[in-house]
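For reference, the structure is listed below as structure tokens.
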Amino acid sequence: MSLISEDTDPSGNRAAARPAAAIPQPNRVTFNRLELNRILNLYGRMVADGEWRDYAIDFLKDRAVFSVFRRASEMPIYRIEKDPRLARKQGMYSVISATGLILRRGHELERVLFVIDRKLSLV
């Protein structure tokens, strides 16, 4: 036995539920293809050298974060962040160490990632 009366349209109940499911995801900050390609090239070199083993990518409302791990069970040793709110100020890209220290911040991803590349070439 149905709890819906014969006078009501059953498709109306589904239509009322549809707008809640159709609400689009809020805008998220992401890395574009060129940025992600540059980061993954660096990641691949460091994995080949045995320095890094795992990574995670987070796309949040206010920033995108690429975290690098030496081991999967540890805290990230580096975080590469893109924060568009800082694009006109200090630059939207930054590299942050495990302790939270901002190693470099700037407007160009290549120059910001140089702080990690340089450590590899100095050793």
Side-chain angles (χ1 to χ4, degrees):
M1 179 158 192
S2 175
L3 296 175
I4 301 174
S5 70
E6 294 176 3
D7 294 336
T8 60
D9 182 19
S11 64
N13 293 336
R14 280 186 252 135
R18 202 173 288 140
I23 295 174
Q25 291 288 333
N27 291 338
R28 295 177 189 257
V29 178
T30 60
F31 292 109
N32 65 31
R33 183 180 294 249
L34 295 175
E35 294 165 343
L36 201 54
N37 188 27
R38 175 61 181 107
I39 293 170
L40 288 174
N41 282 339
L42 172 63
Y43 175 78
R45 284 197 318 269
M46 296 300 255
V47 167
D49 290 336
E51 295 288 323
W52 298 348
R53 294 195 181 200
D54 200 8
Y55 72 91
I57 301 176
D58 297 312
F59 299 130
L60 307 171
K61 284 184 181 181
D62 59 340
R63 66 185 188 274
V65 182
F66 186 95
S67 303
V68 177
F69 299 88
R70 191 176 313 263
R71 289 177 187 79
S73 62
E74 294 181 351
M75 300 226 353
I77 54 175
Y78 294 111
R79 288 187 330 230
I80 301 164
E81 292 191 1
K82 176 182 179 180
D83 190 348
R85 293 176 300 167
L86 300 174
R88 294 182 183 214
K89 297 177 184 173
Q90 302 130 342
M92 74 171 122
Y93 302 106
S94 60
V95 174
I96 302 170
S97 70
T99 60
L101 178 69
I102 298 174
L103 300 176
R104 180 164 291 176
R105 177 174 280 158
H107 298 282
E108 299 173 12
L109 183 62
E110 284 287 328
R111 298 195 71 190
V112 171
L113 292 180
F114 188 66
V115 73
I116 300 172
D117 275 340
R118 186 178 358 174
K119 288 186 179 185
L120 181 63
S121 64
L122 286 177
V123 173

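With sequence neighbours left out, D62 forms a salt bridge (charged side-chain N to carboxylate O under 4.0 Å, His left out) with R85. Residues satisfying the salt bridge (charged side-chain N to carboxylate O under 4.0 Å, His left out) criterion with R111, sequence neighbours excluded, are absent altogether. Evaluation of the side chain to side chain donor-acceptor pair (under 3.5 Å) rule for R63 yields no partner, not counting sequence neighbours. Under the side chain to side chain contact (heavy atoms under 4.5 Å, CB included) criterion, L34 pairs with N32, not counting sequence neighbours. Judged as a side chain to side chain donor-acceptor pair (under 3.5 Å), and not counting sequence neighbours, T30 has no contacts. When the side chain to side chain contact (heavy atoms under 4.5 Å, CB included) test is applied to V95, the partners found at least two apart in sequence or on another chain are Y78, I80, L103, V112, L113, V115, I116. Scored by the salt bridge (charged side-chain N to carboxylate O under 4.0 Å, His left out) test, E108 finds no partners at all (sequence neighbours excluded).
For the atom pair CZ of R53 and CZ of R70, the computed distance is 9.5 Å after rounding to the nearest 0.5 Å. Taken from CD in E81 to OG in S67, the straight-line distance is 7.5 Å, to the nearest 0.5 Å. Note that CG of D58 and CZ of R28 are 10.0 Å apart. Values are rounded to the nearest 0.5 Å. Note that CZ of R79 and CZ of F66 are 13.5 Å apart. Values are rounded to the nearest 0.5 Å.
Summarising the geometry of F59 relative to A64, their closest heavy-atom pair is CD2-CB, 3.9 Å, with the distance given to 0.1 Å. When all heavy atoms of A98 and P76 are compared, the closest pair comes out as CB-O, 3.3 Å.
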Donor-acceptor pairs under 3.5 angstrom involving side-chain atoms of residues 86-93: please list them, not counting sequence neighbours.
| from | atom 1 | to | atom 2 | distance (Å) |
| --- | --- | --- | --- | --- |
| Q90 | OE1 | R105 | NH1 | 3.3 |
| Y93 | OH | E35 | OE2 | 2.2 |

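When the side chains of ILVMFWY residues are joined at heavy-atom separations under 4.5 Å, either directly or via intervening members, I96 and V65 end up in two distinct hydrophobic clusters. Both V47 and L36 belong to a single network of hydrophobic side chains, linked directly or stepwise wherever heavy atoms of I, L, V, M, F, W or Y lie under 4.5 Å apart. Hydrophobic clustering, with ILVMFWY side chains joined whenever heavy atoms are under 4.5 angstrom apart, groups I57 together with I39.
For residues 27-50, the ring-ring contact (aromatic ring centres under 6.0 Å, His included) pairs, not counting sequence neighbours, are Y43-Y55.
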